[in-house]
Amino acid sequence: METSPSAAEFHDTERKSPVTPGMVIAALLVPLLATLGVASSYKVQSIHGDWVDRQQAACRHMPFPKMEHVAAWSGPVLGLSAMVVCLLLARWIRRRCGVRIWDTWPGLSAFVFAMLNIVAILLELFVLWAAYTPDGSGPILGDCG
């Protein structure tokens, strides 16, 4: 007597974890946002250095560039956005496929980048704090005689 496979067996084979283009796009957003966050934190340092150089060249104190604050805030915002995208991707994969995030290759890559992004977020928060902390001695204008 031949028995047909049960409905539970069909159900398990149907949920194989299909990778959709939306999953791949969301997974690629995580490293992109994390990298942009680190790049904006690096830009804060170059903006500050250019501001100090302009003051020394003009031999006078100049107003603080507001773009430095925008770049300082964009670092943590982009870093935390990468974490939110990874969390939403994990929920989406769990609901749609019934597997954990690291069981699909887009989810695994997003998860690895999100874990590495934790250190980057700490760096971005430090840069944000440093942007609002006044210089102890201020920029040295040099010989303006």
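Here Phe126 sits in one hydrophobic cluster together with Trp129; the rule is ILVMFWY side chains under 4.5 Å apart, joined directly or through other members. Counting Ile, Leu, Val, Met, Phe, Trp and Tyr side chains that sit under 4.5 Å apart, directly or through other members, Val84 shares a hydrophobic cluster with Leu88. Its side chain within the 4.5 Å cluster rule, Val30 clusters with Leu29, Leu32, Leu33, Leu36, Leu78, Val85, Phe113 among the Ile, Leu, Val, Met, Phe, Trp and Tyr residues.
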Which pairs would a plain distance check flag for residues 63-72, meaning a side-chain donor or acceptor within less than 3.5 Å of a matching protein atom at least two apart in sequence or in another chain?
{"from": "His69", "atom 1": "ND1", "to": "Tyr132", "atom 2": "OH", "distance (Å)": "3.4"}

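More than 12 heavy atoms of other shown residues, nucleotides or ligands fall within 6.0 angstrom of atom CH2 in Trp92. Applying the 6.0 Å contact sphere to CZ of Arg100 captures no more than 12 heavy atoms from other residues, nucleotides or ligands.
Here the straight-line distance linking atom CG of Leu122 with atom CD of Glu124 works out to 9.0 Å at 0.5 Å rounding. Here the straight-line distance linking atom CD1 of Ile121 with atom CG of Leu80 works out to 4.5 Å at 0.5 Å rounding. One distance of note links CG of Leu87 with CE of Met83; it measures 9.0 Å at 0.5 Å rounding.
Every residue two or more places apart in sequence or in another chain was checked for a ring-ring contact (aromatic ring centres under 6.0 Å, His included) with Trp105, and none qualifies. A search for side-chain hydrogen bond (donor to acceptor under 3.5 Å, both in side chains) contacts involving Ser81 returns nothing, not counting sequence neighbours.
Linking ILVMFWY side-chain heavy atoms closer than 4.5 Å, directly or via other members, places Val127 and Leu116 in two distinct hydrophobic clusters. Transitive grouping of hydrophobic side chains (ILVMFWY, heavy atoms separated by less than 4.5 Å) keeps Ile118 and Leu128 in distinct clusters. Residues Val77 and Leu125 do not share a hydrophobic cluster, defined by chaining ILVMFWY side chains whose heavy atoms lie under 4.5 Å apart. By the criterion of side-chain heavy atoms lying less than 4.5 angstrom apart, applied directly or through intervening Ile, Leu, Val, Met, Phe, Trp or Tyr residues, Ile25 is not grouped with Ile93; the two fall into different hydrophobic clusters.
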Evaluate side-chain contact (heavy atoms from CB on, under 4.5 Å) for Thr104 paired with Val99, printing each intermediate quantity in order.
CA-CA 8 Å; Thr104 61; Val99 295; 4.1 Å; yes
With side-chain contact (heavy atoms from CB on, under 4.5 Å) as the criterion, how do Cys97 and Met23 come out once you've worked through the C-alpha distance, each side chain's angles and the decisive distance to 0.1 Å?
CA-CA 11 Å; Cys97 305; Met23 263 187 224; 3.6 Å; yes
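Here the side chain of Asn117 pairs a donor or acceptor atom with the backbone of Gly79 at under 3.5 angstrom.
Annotation for Ile101 and Cys86: closest pair CD1-O, 3.8 Å, computed over non-hydrogen atoms.
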